[in-house]
Structures are given as C-alpha cells and as structure tokens.
**Student:** 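If you scroll down you'll find the structure; I have some questions about it.
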Amino acid sequence: MIRYDYVVIGSGIAGLSFALKAAEHGSVALITKADKAESNTAYAQGGIACVTSSEDSFELHVQDTLIAGAGLCDEDVTRTIISEGPARVRELIALGVQFDAKQSAAAKEPLGAQDLALTREGGHSKRRILHSRDVTGREIERALLAAIDAHASIQVFEHHMAVDLISLSKLGFASEDRVLGVYVLNQASGDVLTLRSDRIVLATGGCGKVYLYTTNPAIATGDGLAMAWRAGARVSNMEFIQFHPTCLYHPDAGSFLISEAVRGEGAKLVDNRGRRFMERYDSRAELAPRDVVARAIDAEMKRTGARCMFLDITHKAADFVRERFPNIAQTCLKYGIDITRQPIPVVPAAHYQCGGVQTDVDGATTLRGLYAIGEVACTGLHGANRLASNSLLEAVALAHRCHEAILRSRPHDPLNGRNTFPLPDWVSGEAQDLDELVVVYHNWDEIRRLMWDYVGIVRTTKRLQRAATRLRNLEREIQEFYWNFKVNTDLLELRNLCTVATLIVDSALMRQESRGLHYNLDFPEAREEQRFPSILRRN
Ligand code: FAD
Ligand code: SIN
C-alpha cells in the first residue's frame, strides 16, 4: 500500500493542471488509464473561451453562458469561473502554450492579451475563443505534460485504471463518510494496487462512449462518475448530454470532429442540394447554440431521409482554410474530401456530458475528501447546455480553485496526515473464461446502440422507459461477471458505462419538460416549475 498527499485520477487538462499545483505542497500520484497524453483534451479543436478583448466583457460572456444554459446555470458559479479565465490563460501561456497570435501582433514572447487571435463559436456574442489553429487541446496537453515530466514529486502511473474508491462506509464505519483511498488496476500485470490518500481528485473526463456515435476517444467511459456514484456522492444533470452538430460523416473516419470554429469563420450548413436550412430554425442560424443546431440537423435528416447534411466553407480562400484548419483539412483529404472545394458531410454525435458529480465552485463533492474537476464534474456552469469552449476554461479554473480550497481546509481536516485506517487489499473473482468475453462485447454494443436509439437528441418517455428496463437487466448480468471474473479494463469499463447509461436515463425520466439538450416529444415545452437541476443519490 502506498500513501500520497494527493491522488489525481486522469491526465487531461483538469488532472494535469491540478497535479502541477498540488505537487508544490505534497506528493502526488497521477493515475491514467491509457498513454498519458490520451484524453478528450488532446482532441479539443476550437479553443478556450476567455474574455481578453477590450470589445468584450465578463458580463457578456456570463450572459451568453446563461442563455445557452437555458435557465439552469448557477449564475454565481458562472460569474466566478468566467472571471478566473484571464489569470488561468496567463498561466497556460507561461507554461509554454502557444495560442495563435493576431496577424498584426509584434513577434515577442510571451504574447499579451491584446496580441491573441480570437475566433467565434455558436452562442458567443463576441469573438473570444483563444486557439492554437485547430489543435488547441493537443497544444495545451503538450505544454502541461512537459511541465509534469519535469516535476520530481509527481509519480505518473500510465496504463493504470482506477477501479473503485475506498470510503469509511465501505469499511463498515457509521460515522460521517469520507474517502480514504482507491483501488487501481495495473493493466499490464493485472494486479490491483491500493493507494491511500485523504484527498482524491477525479479528473476522469466524460462518457461519450456510452453512445454509438461520439466525438470522444475510447477513454471516455464515465469511470469517475460511476466510481463516485458507487461511493455515494451526489450526481446532477445527467440528462443533459451535448451532441455536437458536426462530426465528419464517412464510413472509415470513426469519430472525427469538424470544429464549430469552422462555422465561426463563416461555413454554412446546407442539404444535399446545397440549400441552407439553419435560418428556418433560429435567427442566429449556423451560430445558434449547439442544442439548436444539432436538433435542426437531426430534423432535416429525418425530414428528407438524408444520411447527413453538409458544411460548406468553399467560399473562403483556400489558403486561409488550409492554414486556419490544417488538421481538419488534412484529415478530410485523407478521406477524399478537399474542404476548400467540396462541402463536408456531417452528422451530429455525442460530445460532452454537461452533468456529472455534483460539486461546489471549488470542486468539492458531497463526499468528504473526494473532489471532481473538469468534465466529470457538475459545477452549475453549463446548466442545460454548455456554451462552446467553456469546458477547457472550467477545467483550468476548477483545478486552480480546488487546489486553493484544499490548501485552506487542510489544517482543519481532523484526518490530515492521520489516515491509518486498515484498508483491505483487493479481492478479485478468479474465473477467466475467455469465451465469455463475447458477452462483454455484446453488452457493450447493446448499451451504446440502445442509448443512441432511445436516449438520443430527441426522446420520448416510452423509449426512455424501454431503455431503463433493458439497462436494469444488463446491470444484473454485468454485476454477475464482475463478482465472478478476474477484472480487466473491458469489464470495468462495461460496468461503468452501464451505470452511467442508467444515470442518464433515470435523470431524463425525472425531467418532464424539454429544456436545453433534453428534448422529450411528450413534454415539448420548458416548464417553470421544473427549472431546477436534477439530482440523484444512490438508494
Ligand atoms: P479528459 O481530457 O477527458 O481527461 C480524462 C483523463 O482521465 C484521461 O487521461 C483518461 O485516460 C483518464 N481516465 C478516465 N478514466 C480513468 C480511470 N478509471 N482510471 C485512470 N484514468 C482514467 N472543449 C472546449 O472547451 N473547447 C474545445 O475546443 C473542445 N473541443 C473538443 C473536441 C473534441 C473532439 C472533444 C471530444 C471534446 C472537445 N471539448 C472542447 C471538450 C473538452 O475537450 C473536454 O471536456 C475536456 O478536455 C475535458 O478535460 P478533462 O481533463 O476533464 O478530461
Ligand atoms: C469545437 O471545436 O467545435 C468543439 C468546441 C467545444 O466542444 O467546446
């Protein structure tokens, strides 16, 4: 058993940012289940929303966020996070993140706020998105990892998967509950380690993989959310799953995103005859918030029977397009689409979980010693629909605030450094019948398909109920596997996906209205008496 001052689970922008700060004050274990650079963060394209221009203001950014959030954002939290932006962006720049500069900017290091190039995305009333061409996340991840690698007090556990939290109640104590440690699977050896810490920070990202079509990479299986739920933390707003309107539609492309910034730079959505349709749905047209654009594409596809819609940026100069969106241009070209000359075939896909483990504005969950930051958390910033590029902002803001709040509270924590509870070693089932693996893959596929078909962009109560019934059966089957078989990554992820799918469906059934990303044909209007976050507690 190893003891750390901090255990951080996840190496995206939230986990890396927190670990760097925490390492100044104690030992840090950074647990990450794939290569350390693999995360949703690494695929972020559009950029990070932050008020830097004299034509912009915190108030405008707050208002845009509240409008997108459809009445469910926590206004105080929104203000706090948005006003953190400039300081956190300065830190990223100091760490070496190269945001694009305005063409007119003088060549100097580091760039000042006035030098940064700004783009626009749906729902933003001003240009305020800082970016690094169309690979902003990769650039941020690169700079943060370089700093982590240079830090002696951070021990990085790559290819280690957090399995479950250890809490007082799990040990059978009836006093106020809190976390004491975490079980972690070494994916190479199959051994399960026990890590002891009074402060465990979930930075495990989202759960896009619960849907058949998603922009998210394979790591996004909702592990942190499922672990927190099993440990008894409160979960909020899980019905609000954001579908990104424009994922590349190509049989070999997997889940490649076409950034909203392409629309921000003037691309138009058209049908297969080149006709624009967004103006019929919203006066903001292509730059309406995401829920509106995704539903409009879905409706047009259903109305016309088309398999996709198209995003057309061919009216812009080819050099500009290739320079501004090099990753998108090259990837599309690999699939035979020259975006400077041809419209891009696009479909919506699951993209972001707006709900998550309920936290305060400092990342504290309802379980003492457990913190959640980044996409896994629900702070109240996103409400019923996240404003584009507010996610990277929230992750850096919460990483900072969480660290500061822990520093303030540590001296008052009765357990501080005295966590000597006997933590039991992991006990695993021993069966290893590989033939049974087919059931794991079957269940995995079934969950993802049923979520796509029954719990997608447009929902009905009957479909949600059908999904709930099927998920309960799957849950029983998976639980049986979990107890009898030696755990491995696939089985653990399947168990987590099933839990997260159930939480999404249960939350969606609770909300008897349509609001933001949750659209139910049986309750097509928003209802004032339902304007509160959905909250689930175990049992
Ligand atoms: P992640 O970056 O997802 O990191 C999660 C980490 O946790 C990973 O390292 C993962 O391996 C690890 N992990 C998960 N489970 C376990 C476990 N059980 N044990 C150990 N490790 C685990 N947002 C914006 O604001 N602007 C954008 O331009 C933007 N573009 C996007 C484009 C794409 C294609 C996608 C998918 C998302 C985009 N987003 C964007 C959303 C944004 O990227 C994410 O919300 C954000 O990066 C989440 O950061 P995070 O640190 O919370 O989690
Ligand atoms: C994008 O580039 O379109 C993604 C932005 C986001 O998810 O915030």
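The residues of the chain are indexed from 1 along the displayed sequence. Whatever order the structure lists them in is the order used to number ligands and atoms, beginning at 1.
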**Student:** Identify, for atom 12 (C) of ligand 1, the protein heavy atom at the shortest distance, and state residue, atom and that distance.
**Tutor:** Gly10 CA, 3.6 Å
**Student:** Under 4.0 angstrom from ligand 1, any heavy atom of Ala203?
**Tutor:**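 Contact present.
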**Student:** Please list, by chain and number, the protein residues whose heavy atoms come under 4.0 Å of ligand 2.
**Tutor:** Gln45, Gly46, Glu121, His244, Leu257, Ser259, Glu260, Arg290, His351, Arg386, Ala388, Ser389
**Student:** For Leu392, take its heavy atoms, then give the atoms of ligand 1 lying under 4.0 Å from any of them.
**Tutor:**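 Taking each heavy atom of Leu392 in turn, ligand 1 has 23 (N), 24 (C), 25 (O), 26 (N), 47 (O) under 4.0 Å.
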**Student:** Can you find a side-chain donor-acceptor pair between Thr379 and Glu394 that sits under 3.5 Å?
**Tutor:**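 Note: Thr379 and Glu394 side chains meet the donor-acceptor criterion.
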**Student:** Is ligand 1 under 4.0 Å from a heavy atom in the side chain of Gln45, in the backbone, in both, or in neither?
**Tutor:** backbone
**Student:** Give me the residue, atom name and distance of the protein heavy atom closest to atom 26 (N) of ligand 1.
**Tutor:** Gly47 O, 2.7 Å
**Student:** Show me which atoms of ligand 1 lie under 4.0 Å from any heavy atom of Ile9.
**Tutor:** 19 (N), 20 (C), 21 (N)
**Student:** In plain terms, say whether Arg128 and Asp64 are close enough for a salt bridge, that is, a side-chain N and a carboxylate O under 4.0 Å apart.
**Tutor:** yes
**Student:** Does Tyr482 have Arg495 sitting over its ring (NZ/CZ under 6.0 Å from centre, angle to axis within 45°)?
**Tutor:** yes
**Student:** For the side chain of Tyr213 and the backbone of Val347, is there at least one donor-acceptor N/O pair under 3.5 Å apart?
**Tutor:** no
**Student:** Should you measure from each heavy atom of Leu257, which atoms of ligand 1 turn up under 4.0 Å away?
**Tutor:**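 So the answer, numbered in order with elements, is 32 (C), 33 (C), 34 (C).
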**Student:** Can you find a non-hydrogen atom of Arg386 under 4.0 Å from ligand 1?
**Tutor:** yes
**Student:** How far is atom 15 (N) of ligand 1 from its nearest protein heavy atom, and which residue and atom is that?
**Tutor:** Asp223 OD2, 3.2 Å
**Student:** Tell me the contacting part of His160 for ligand 1: side chain, backbone, both, or neither, using a 4.0 Å heavy-atom threshold, strictly below.
**Tutor:**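 Only the backbone of His160 comes within reach of ligand 1.
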**Student:** Salt bridge (Lys or Arg N to Asp or Glu O under 4.0 Å) for Glu141 and Arg138? Distances and angles first, verdict last.
**Tutor:** CA-CA 5 Å; Glu141 188 80 17; Arg138 200 192 300 166; over 6 Å; no
**Student:** Any chance the side chains of His244 and Tyr352 put a donor and an acceptor closer than 3.5 Å?
**Tutor:**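 Side chains of His244 and Tyr352: no pair found under 3.5 Å.
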**Student:** State whether a side-chain donor-acceptor pair under 3.5 Å links Asn186 with Asp191.
**Tutor:**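 Asp191 and Asn186 do not have a side-chain donor-acceptor pair below 3.5 Å.
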**Student:** Looking only at the side chains, is there a donor atom on one of Asn390 and Thr65 sitting less than 3.5 Å from an acceptor on the other?
**Tutor:**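 Short answer, yes.
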**Student:** Is ligand 1 under 4.0 Å from a heavy atom in the side chain of Glu38, in the backbone, in both, or in neither?
**Tutor:**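 For Glu38, the contact with ligand 1 is made by the backbone alone.
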**Student:** Treating Arg142 as the side-chain partner and Gly96 as the backbone partner, does any N or O pair qualify as donor plus acceptor under 3.5 Å?
**Tutor:** yes
**Student:** Taking 4.0 angstrom as the limit, do Arg127 and Glu265 come out as a salt bridge?
**Tutor:** yes
**Student:** Which heavy atom of the protein is the closest neighbour of atom 22 (C) of ligand 1, given with residue, atom name and distance?
**Tutor:**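 Checking every protein heavy atom, the shortest distance to atom 22 (C) of ligand 1 gives Lys33 CG, 3.8 Å.
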**Student:** With heavy atoms only and a cut-off of under 4.0 Å, state how Ser389 meets ligand 1: side chain, backbone, both or neither.
**Tutor:** both
**Student:** Any side-chain donor paired with an acceptor under 3.5 Å for Asp291 and Gln242?
**Tutor:** no
**Student:** Please lay out, stage by stage, how Arg324 and Asp100 fare under the test salt bridge (Lys or Arg N to Asp or Glu O under 4.0 Å).
**Tutor:** CA-CA 10 Å; Arg324 176 66 183 82; Asp100 289 351; 5.0 Å; no
**Student:** Using a distance-only test with no angle check, is there a side-chain donor-acceptor pair under 3.5 angstrom linking Thr32 and Glu158?
**Tutor:**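 Thr32 vs Glu158: no donor-acceptor pair found between side chains.
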**Student:** Got the closest protein heavy atom to atom 34 (C) of ligand 1, with its distance?
**Tutor:**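 Here the closest protein heavy atom is Tyr43 O, 3.5 Å.
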**Student:** Can you report which non-hydrogen protein atom sits closest to atom 41 (C) of ligand 1, along with the distance?
**Tutor:**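 Nearest neighbour among protein heavy atoms for atom 41 (C) of ligand 1, to 0.1 Å: Ser391 OG, 3.8 Å.
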**Student:** Could you check atom 48 (C) of ligand 1 against the protein and tell me its nearest heavy-atom contact, residue, atom and distance included?
**Tutor:** Glu375 OE1, 3.8 Å
**Student:** Taking 4.0 angstrom as the limit and counting only heavy atoms of Thr204, give me the atoms of ligand 1 inside it, by number and element.
**Tutor:** 5 (C), 7 (O), 14 (C), 15 (N), 16 (C)
**Student:** Taking salt bridge (Lys or Arg N to Asp or Glu O under 4.0 Å) as the definition, give me every residue that meets it alongside Glu260, ordered by chain and number, with sequence neighbours left out.
**Tutor:** Arg263, Arg290
**Student:** Would you check if the side chain of Thr214 reaches a backbone N or O of Lys209 as a donor-acceptor pair within less than 3.5 Å?
**Tutor:** no
**Student:** Got the closest protein heavy atom to atom 29 (C) of ligand 1, with its distance?
**Tutor:**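 The closest one turns out to be Ala44 CB, 3.5 Å.
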**Student:** Under 4.0 Å from a heavy atom of Ile31: which atoms of ligand 1 are those, numbered in the order shown and with their elements?
**Tutor:** 20 (C), 21 (N)
**Student:** Could you tell me which atoms of ligand 1, counted from 1 in the order shown, lie closer than 4.0 angstrom to a heavy atom of Tyr352?
**Tutor:** 45 (O)
**Student:** For Gly374, take its heavy atoms, then give the atoms of ligand 1 lying under 4.0 Å from any of them.
**Tutor:** 52 (O)
**Student:** Run the salt bridge (Lys or Arg N to Asp or Glu O under 4.0 Å) test against Lys33 and tell me which residues pass, sequence neighbours left out.
**Tutor:** Asp223, Glu493
**Student:** Tell me, please, which residues at least two apart from Asp425 pass salt bridge (Lys or Arg N to Asp or Glu O under 4.0 Å).
**Tutor:** none
**Student:** What part of Thr32, side chain from CB on, backbone N/CA/C/O, both or neither, has a heavy atom under 4.0 Å from ligand 1?
**Tutor:** both
